[in-house]
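Heads up: the structure comes next, in structure tokens.
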2 protein chains.
Amino acid sequence: MTNKRIRIKDIAEKAGVSTGTVDRVLHDRGNVSPDVKQLVLNVMDELGYERNIIASTLAYNRTWRIATLMPEFHTDPYWEQPNAGIDRAMKALRHYGVVLEPHIFMLFDQNSFVQHAREILDNPPDAVLFAPVFLKESTLLLKACEEKGIPNVMINTNIENAKSLSYIGQDSYQSGVLAGRLLHFGLNDGETALLLNLEIGSYNAKHLIDKEQGFRDYFARFPGQRIEIVKRDFEDFDNKNKLTAFLNELFKGHPRLNGIFFTNSRAYKAVDCLPEKIVQKIKIVGFDLVEPNLVHLRNNNIDFLINQNPVQQGFLGVISLFNHLVKKQKIEPQQYLPLDIVVTENLDYYLRRQDELQLVV
Amino acid sequence: MTNKRIRIKDIAEKAGVSTGTVDRVLHDRGNVSPDVKQLVLNVMDELGYERNIIASTLAYNRTWRIATLMPEFHTDPYWEQPNAGIDRAMKALRHYGVVLEPHIFMLFDQNSFVQHAREILDNPPDAVLFAPVFLKESTLLLKACEEKGIPNVMINTNIENAKSLSYIGQDSYQSGVLAGRLLHFGLNDGETALLLNLEIGSYNAKHLIDKEQGFRDYFARFPGQRIEIVKRDFEDFDNKNKLTAFLNELFKGHPRLNGIFFTNSRAYKAVDCLPEKIVQKIKIVGFDLVEPNLVHLRNNNIDFLINQNPVQQGFLGVISLFNHLVKKQKIEPQQYLPLDIVVTENLDYYLRRQDELQLVV
DNA sequence: AGTGATACTGTGTGCGCACACGCAAAAATA
DNA sequence: TATTTTTGCGTGTGCGCACACAGTATCACT
């Protein structure tokens, strides 16, 4: 039984040195002769030493400043969720000396993003957590972080080849594949599936492209079946009249349109504009458990929602930085969260879980 | 900004008493005059004091013994998973003084269960975590725990009205409803759905009954459709010949049998016995991400697996006891885990997540 | 007034660790 | 050889808290 907890003191005793020396070896502070160092390392290994973070944090008596750069969430309910996860993690980590410095930018406003990024860089924190929704501006932030040696984590949206500690979010390509599979349940040979991006051009659109590719690749597995895939982008999604007109036009042009895949959390915006008769008939797959989507899910207007665990994203983002800074652990560069398939019958459990994130360092 | 951390010392100063008195109030140790107590409480409230568990654990300098009573997992791969979750939680909590005392019983052997329960009670731990797979024997254990005042948590299987701290697992009824929904995708009017319990009689069967009820209730929502539901129990599932004969007989008796709902993790045992031609045609819904099921899922022999998060069950079980013992938190008596819908396209993320349980106290 | 019991409150120590400080020996330099 | 510099190592303190212990105040009863 190795239940006995090994302390620095135990190692020091066994190695015949002082705890100070063990500490120097432990933190690689130098000023230890090579042979003594090796001796201490051997004893540590032999006794199976594990650093006691409890006592360690207490003695460190320092704070770790984590700056976050996230979208304002009154414009888009989706962003409440990562923010909630961040909050929760921060509360759990307060006693470990982690201090949050939140920055909120406007969702469709690059300038706001840049300005807050500058504020962060002016008073460099120990780490940065952000959602790189603007490609160009985020790349600049990443570069600045690299120069100043500030570790950072991206959530929700990925920038490939970025020198970031980690990306935490979904696998966009695979979510497209999954959407294909789910829509396929309700589609027959010869029918049409619509892929609809309700998004604004300035957005970092790589993940939409990936989703589309995944979606198409799924249907390509069935060369015998002829399901037509139509893809559209639409920017003016907050204008009900225009959106309705756009959709009417689409249905007119594609009489056998029988399924829609919405590539982000805005499915409800279009469903709001469709006549009941059509909504009930066609199959709809969307993303994210935001309230307006849930209403439609419960009414069977939306058939499936793919949950990308936005709360967990924020939560894991903070935890990952903590693990890097404080626990000095290696962080996985890609942390893909599960693609949860949500229907009316299992919805409640996912909603509840968001309020119950369990946490232990 | 309430970033300033409040210490006992701060409260003592502001209230004009010593830290000792604050400590007495904090732990309700008595020996404090009512007015001083009230004063200290007011100051604590005003300053927003939160106990620093870091320093607290260090000072307590005690251990918490948690005994677990779980099935042996070579007989049934399912049980590897809760055990893995327990392990992971224990590792994270070691520095908080939590010590695990594991007991393993034989899956189909009540005597083995009773014997280990006795061992636990002979040297009472601070808390017990167990899987009440045998109804009668578990009830006895629960009663003994109550008498001795040992807090306990049940995972995986529920005993209703038990005086347990918490049940952690799935909502059986709702999982039956969900299975109905999933099978429904592939069933047409006039066809037959089979509900098959591959289970042994001694087992605590309440949850199988609940699943059946949920399944039936789902189809009852569609009185217009006539889908026949056939229910069978089969105990001798490890005898391939008998199982094959049993299934053949069933298909002969029900020519329009086009979907099977397996109520536990043993779907693979039956699928192994069915001819390829039939398997590919009929829809199958089962439970749990055990390896033999995964093979069939990847081959599209099984259409859906409902994941009941067994790893998380074990993990949460330990965490809940920790929260109760050490953090003195209130524990929810029912902790339902999500009913994950797993298909080939989202399987990998669930498998990966099991290895990455994140933890912070 | 003296004694003892009881009610209440303050002090001191140590949990395991990080780090500043100080000292001695060894090495480099004059 | 004397002096300075560098290297190697031990000691001591404090992080916030729990708890044992010591101490003072109050009161009842001689």
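Convention: sequence-line order gives letters A, B, ...; per-chain numbering from 1.
- Nucleotides of DNA chain C that come within less than 4.0 Å of any heavy atom of chain A span, from the 5' end to the 3' end, C:dG16 to C:dC19.
- DNA chain D is contacted by B:Tyr49, B:Arg51, B:Asn52 of residues 41-52 of chain B, taking any non-hydrogen atom closer than 4.0 Å.
- Computed from C1' positions of five pairs at each end, the angle between the two local axes of the helix from C:dA1-D:dT30 to C:dA30-D:dT1 equals 60°, rounded to 10 degrees.
- Listed by residue number, the members of residues 55-66 of chain A with any heavy atom below 4.0 angstrom from DNA chain D are A:Leu58, A:Ala59, A:Asn61.
- Applying the salt bridge (Lys or Arg N to Asp or Glu O under 4.0 Å) criterion to A:Arg29, with sequence neighbours excluded, gives A:Asp23.
- Sorted by first and then second residue, the salt bridge (charged side-chain N to carboxylate O under 4.0 Å, His left out) pairs with a member in residues 144-153 of chain A read A:Glu146-A:Lys163; sequence neighbours excluded.
- When heavy atoms are screened at a 4.0 angstrom cut-off, A:His95 is found touching no nucleic acid atom at all.
- Following rounding to the nearest Å, B:Arg24 (CZ) and D:dG23 (C1') show an atom-to-atom distance of 11 Å.
- Interatomic distance, B:Leu141 CG to B:Leu69 CG, rounded to the nearest 0.5 Å: 6.5 Å.
- Put simply, the side chain of A:Asn152 gets close to the backbone of A:Ile150: a donor and an acceptor are under 3.5 Å apart.
- A donor atom on one side chain and an acceptor atom on the other are not found under 3.5 Å apart for A:Glu332 and A:Ser166.
- The aromatic rings of A:Phe113 and A:Phe130 sit tilted relative to each other, their planes meeting at an angle between 30° and 60°.
- For the residue pair A:Glu119 / A:Asn123, no side-chain donor-acceptor distance below 3.5 Å is found, with atom types taken as modelled.
- In this structure, A:Ala127 and A:Leu325 approach most closely via the heavy-atom pair CB-CD1, 4.0 Å.
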Problem set entry | Derivation of the side chain to side chain donor-acceptor pair (under 3.5 Å) call for A:Tyr78 and A:Glu80 | CA-CA 5 Å; A:Tyr78 173 74; A:Glu80 291 172 16; over 6 Å; no
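- Here the closest non-hydrogen pair linking B:Pro71 and B:Ile104 is C-CG2, 3.9 Å.
- Separating the CG atom of A:Asn31 from the C1' atom of D:dG10 is a distance of 13 Å, rounded to the nearest angstrom.
- Interatomic distance, CD of B:Gln313 versus CG of B:Asn83, reported as 11.5 Å (0.5 Å rounding).
- Going from atom CZ of A:Arg29 over to atom P of D:dC9 covers 15 Å, rounded to whole Å.
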